[in-house]
Engineer: 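Once you've had a glance at the structure underneath, I'll fire off some questions.
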Amino acid sequence: MIRSVVTGVGGYLPEEVLTNADLARFVDTSDEWIQERTGIRQRHRAAPDQAVSDLAVEAARKALEAAGRSPADVDLIIVATTTPDLTFPAVATIVQRKLGCPVGIAFDIQAVCSGFVYALSTADGFVARGRSSCALVIGAETMTRLMDWSDRGTCVLFGDGAGAVVVEPGEGRGDASDRGLLGFALRADGTKQDLLYVDGGVSTNGQIGHLRMQGNQVFKQAVINISEAVTAAAADAGIAVSDVDWFIPHQANQRILNGVAHRLGIDEAKVISTVAEHANTSAASIPLALAQGIADGRIRPGQLVLLEAMGGGLTWGACTLRL
Ligand code: ACO
């Protein structure tokens, strides 16, 4: 059978770093509070002239290089983002133009922090059916542009960045020893919208809006929902959670990462965490963490990884992948 194989991974973080101490200069917070409640030490912020497509292009270039591919090979681009350059066209088509990719398929996915898992699943539908031979799946965000900088309960949590993977078809035997995407669990529950949303939009008030969140409620939902999705995505791949080499969670809060690991009996040493340096980069956080784990030599070819996320919607999901 044809599997969708991840052949290259790349990440990009904008140059400017904002530490917790930097934030404490204009909002009533402290480095101690932020680190204790979230594990976050700093976040990156895009320059005023950097659009989310610029971040996406940088990450995509690195992923293509890692895969030994060029923009000319790309026939499908999916960008998961909640902070697009423009209301339309899709960021994916802007990335296509900036990279110089040929005419192909390009569109965005909006599932907030779960966007990358949703986008990978969507790409699998094209690649495994022979409709794409070289796909770019990108998570890219400028979350700092959605912040209400007077709301200390949210503005300390988020950052900007982008991560990308190249997905190509590969022969598999149809079992969990195959390289590639092996199992998914995708979920949404629209009744929980009020826990986490942006209070602006094209067809409501015509504003960009600001991110609003009931943090403690989101926290509880995250641990329960993510744990269920991880178990389901492992089962979908025909493996046990204990078989996984590396867990690559959406990087929202170190306490959520620890809570999920504890609930599932996962050794915390198997969890890739970038939340201290990146904060929450929404759809970008999983591919950024994957890129970091590969770059520092922890994640190696052939290993089994499990990606998971939850975000606004609520949406959540998980994906089992052999590199
Ligand atoms: N600095 C100092 N004090 C703060 C700050 C801050 N940045 N933010 C809130 N506080 C205060 C509150 O005002 C409150 O004060 P009070 O007791 O005088 O009223 C106190 O701290 C406790 O507030 P809580 O909201 O109950 O604090 P909690 O321990 O729940 O931590 C946090 C808040 C960090 C937001 C936590 O709920 C959380 O991380 N939730 C998950 C949300 C999340 O990560 N969302 C991201 C998107 S969804 C996702 O990606 C999974």
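When a ligand or atom number is given, it counts from 1 through the structure's own listing order. Values below: every heavy atom of this structure, side chains too, minus hydrogens, waters and symmetry copies.
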Engineer: What protein heavy atom sits nearest atom 50 (O) of ligand 1, and how far away is it?
Structural biologist: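 For atom 50 (O) of ligand 1, the nearest protein heavy atom is His250 NE2, 2.8 Å.
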
Engineer: How long is the span from the CD1 atom in Ile286 to the CD atom in Gln251, to the nearest 0.5 Å?
Structural biologist: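 If I round to the nearest 0.5 Å, the distance is 8.0 Å.
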
Engineer: To which protein heavy atom is atom 41 (C) of ligand 1 closest, and what is the distance rounded to 0.1 Å?
Structural biologist: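 Looking only at protein heavy atoms, the one closest to atom 41 (C) of ligand 1 is Gly215 O, 3.5 Å.
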
Engineer: Which protein non-hydrogen atom lies closest to atom 46 (C) of ligand 1, naming both residue and atom, and how far is it?
Structural biologist: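 Scanning the protein heavy atoms, the shortest distance from atom 46 (C) of ligand 1 goes to Asn280 ND2, 3.3 Å.
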
Engineer: Atom CD of residue position Gln35 - does it have more than 12 heavy atoms of other residues, nucleotides or ligands inside 6.0 Å?
Structural biologist: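 Yes, because the 6.0 Å sphere around CD of Gln35 holds more than 12 heavy atoms from other groups.
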
Engineer: Quick check: are there more than 12 heavy atoms from other residues, nucleotides or ligands sitting under 6.0 Å from CZ of Arg129?
Structural biologist: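 Not more than 12 within 6.0 Å, no.
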
Engineer: Please state which protein non-hydrogen atom is closest to atom 8 (N) of ligand 1 and give its distance, to 0.1 Å?
Structural biologist: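 Closest protein heavy atom to atom 8 (N) of ligand 1: Trp33 CH2, 3.3 Å.
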
Engineer: Flag atom 13 (O) of ligand 1 as yes if some protein heavy-atom distance to it falls below 4.0 Å, otherwise no.
Structural biologist: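 There is a protein heavy atom less than 4.0 Å from atom 13 (O) of ligand 1.
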
Engineer: Below 4.0 angstrom, counting only protein heavy atoms, does anything approach atom 25 (O) of ligand 1?
Structural biologist: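 No; the ligand atom in question lacks any protein heavy-atom contact below 4.0 Å.
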
Engineer: What protein heavy atom sits nearest atom 39 (O) of ligand 1, and how far off is it?
Structural biologist: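 The protein heavy atom lying closest is Asn253 ND2, 2.5 Å.
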
Engineer: Looking only at protein heavy atoms, which one is nearest to atom 45 (N) of ligand 1, and how far off is it?
Structural biologist: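 Its nearest protein heavy-atom neighbour is Met213 SD, 3.0 Å.
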
Engineer: Does the protein put a heavy atom under 4.0 Å from atom 16 (P) of ligand 1?
Structural biologist: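 No.
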
Engineer: Any chance CD of Gln217 has more than 12 other-residue heavy atoms, nucleotides or ligands included, within less than 6.0 Å?
Structural biologist: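 Yes.
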
Engineer: Is the backbone N or O of Thr29 less than 3.5 Å from a side-chain atom of Arg152, with the two atoms forming a donor-acceptor pair by type?
Structural biologist: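 No.
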
Engineer: Answer yes or no: is there an ion pair linking Arg131 with Asp75, defined by an N-O contact shorter than 4.0 Å?
Structural biologist: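 Between Asp75 and Arg131 there is no salt bridge, as every charged N stays at least 4.0 Å from the carboxylate O atoms.
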
Engineer: Check each of Arg37, Arg152, Gln221, Arg255 against atom 22 (C) of ligand 1 and report the one with the nearest heavy atom.
Structural biologist: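 It is Arg37 whose heavy atom sits nearest to atom 22 (C) of ligand 1.
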
Engineer: In the protein, what heavy atom is nearest to atom 49 (C) of ligand 1, and what distance, to one decimal place, separates them?
Structural biologist: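 Ranking protein heavy atoms by distance from atom 49 (C) of ligand 1, first comes Met310 O, 3.3 Å.
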
Engineer: Should you measure from each heavy atom of Thr29, which atoms of ligand 1 turn up under 4.0 Å away?
Structural biologist: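 Matching atoms, with element in brackets: 1 (N), 2 (C), 6 (C), 7 (N).
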
Engineer: Name all residues meeting the ring pair (Phe, Tyr, Trp, His ring centres under 6.0 Å) criterion together with Trp149; count only those two or more places apart in sequence or in a different chain, and write none if there are none.
Structural biologist: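 Testing Trp149 for ring pair (Phe, Tyr, Trp, His ring centres under 6.0 Å), a comparison that skips the adjacent residues, returns Phe26.
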
Engineer: Any atoms of ligand 1 less than 4.0 Å from a non-hydrogen atom of Ala252? List them with their elements.
Structural biologist: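 Per the distance check, 44 (O), 49 (C), 50 (O), 51 (C).
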
Engineer: Short check: is a protein heavy atom less than 4.0 Å from atom 28 (P) of ligand 1?
Structural biologist: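 Neighbour list for atom 28 (P) of ligand 1 includes protein heavy atoms (cut-off 4.0 Å).
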
Engineer: Distance under 4.0 Å to a non-hydrogen atom of Cys113: what atoms of ligand 1 satisfy this?
Structural biologist: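 Listed by number with element, the hits are 50 (O).
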
Engineer: Taking everything shown except Ile208 itself, do over 12 heavy atoms lie less than 6.0 Å from its CD1?
Structural biologist: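 For Ile208, atom CD1 is not crowded (no more than 12 foreign heavy atoms under 6.0 Å).
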
Engineer: Under the side-chain hydrogen bond (donor to acceptor under 3.5 Å, both in side chains) criterion, do Glu141 and Thr81 qualify, and how do the steps go?
Structural biologist: CA-CA 6 Å; Glu141 301 281 16; Thr81 188; 3.2 Å; yes

Engineer: Out of Thr19, Asp22, Asn20, which residue meets the side-chain hydrogen bond (donor to acceptor under 3.5 Å, both in side chains) rule with Arg43?
Structural biologist: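 Per the side-chain hydrogen bond (donor to acceptor under 3.5 Å, both in side chains) rule, the option paired with Arg43 is Asn20, out of Thr19, Asp22, Asn20.
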
Engineer: Go through the steps to decide whether Glu168 and Thr7 satisfy the test side-chain hydrogen bond (donor to acceptor under 3.5 Å, both in side chains), and finish with yes or no.
Structural biologist: CA-CA 7 Å; Glu168 299 179 64; Thr7 55; 2.6 Å; yes

Engineer: Which residue supplies the protein heavy atom nearest to atom 30 (O) of ligand 1, what is that atom called, and how far is it?
Structural biologist: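 That would be Asn216 CB, 3.7 Å.
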
Engineer: Check the pair Arg212, Asp148 against salt bridge (Lys or Arg N to Asp or Glu O under 4.0 Å), reporting the backbone distance first and the verdict last.
Structural biologist: CA-CA 9 Å; Arg212 305 294 177 201; Asp148 172 353; 3.0 Å; yes

Engineer: If we count only non-hydrogen protein atoms and require a distance under 4.0 Å, does atom 32 (C) of ligand 1 qualify as touching the protein?
Structural biologist: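 Answer no: nothing from the protein, no heavy atom, is under 4.0 Å.
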
Engineer: Counting each atom of ligand 1 from 1 as listed, which ones have a heavy atom of Val156 under 4.0 Å away?
Structural biologist: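 So the answer, numbered in order with elements, is 7 (N).
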
Engineer: Going by the atom numbers of ligand 1, which of them fall below 4.0 Å from some non-hydrogen atom of Thr38?
Structural biologist: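 Those qualifying, in numeric order: 34 (C).
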
Engineer: Run the numbers for me: atoms of ligand 1, each under 4.0 Å from some heavy atom of Gly153, listed by number.
Structural biologist: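 In order of number, 8 (N), 35 (C).
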
Engineer: Hey, quick one: are Leu196 and Phe219 part of the same hydrophobic cluster, counting side-chain heavy atoms closer than 4.5 Å, chains of contacts allowed?
Structural biologist: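 Yes, it is one cluster - the side chains of Leu196 and Phe219 are joined through contacts under 4.5 Å.
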
Engineer: Looking at atom 19 (O) of ligand 1, is any protein heavy atom nearer than 4.0 Å to it?
Structural biologist: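 For atom 19 (O) of ligand 1 the answer is no, since every protein heavy atom stays at 4.0 Å or beyond.
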
Engineer: Under 3.5 Å between any N/O of Leu196 and any N/O of ligand 1: does that happen in this structure?
Structural biologist: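 No: no nitrogen or oxygen of Leu196 is under 3.5 Å from one in ligand 1.
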
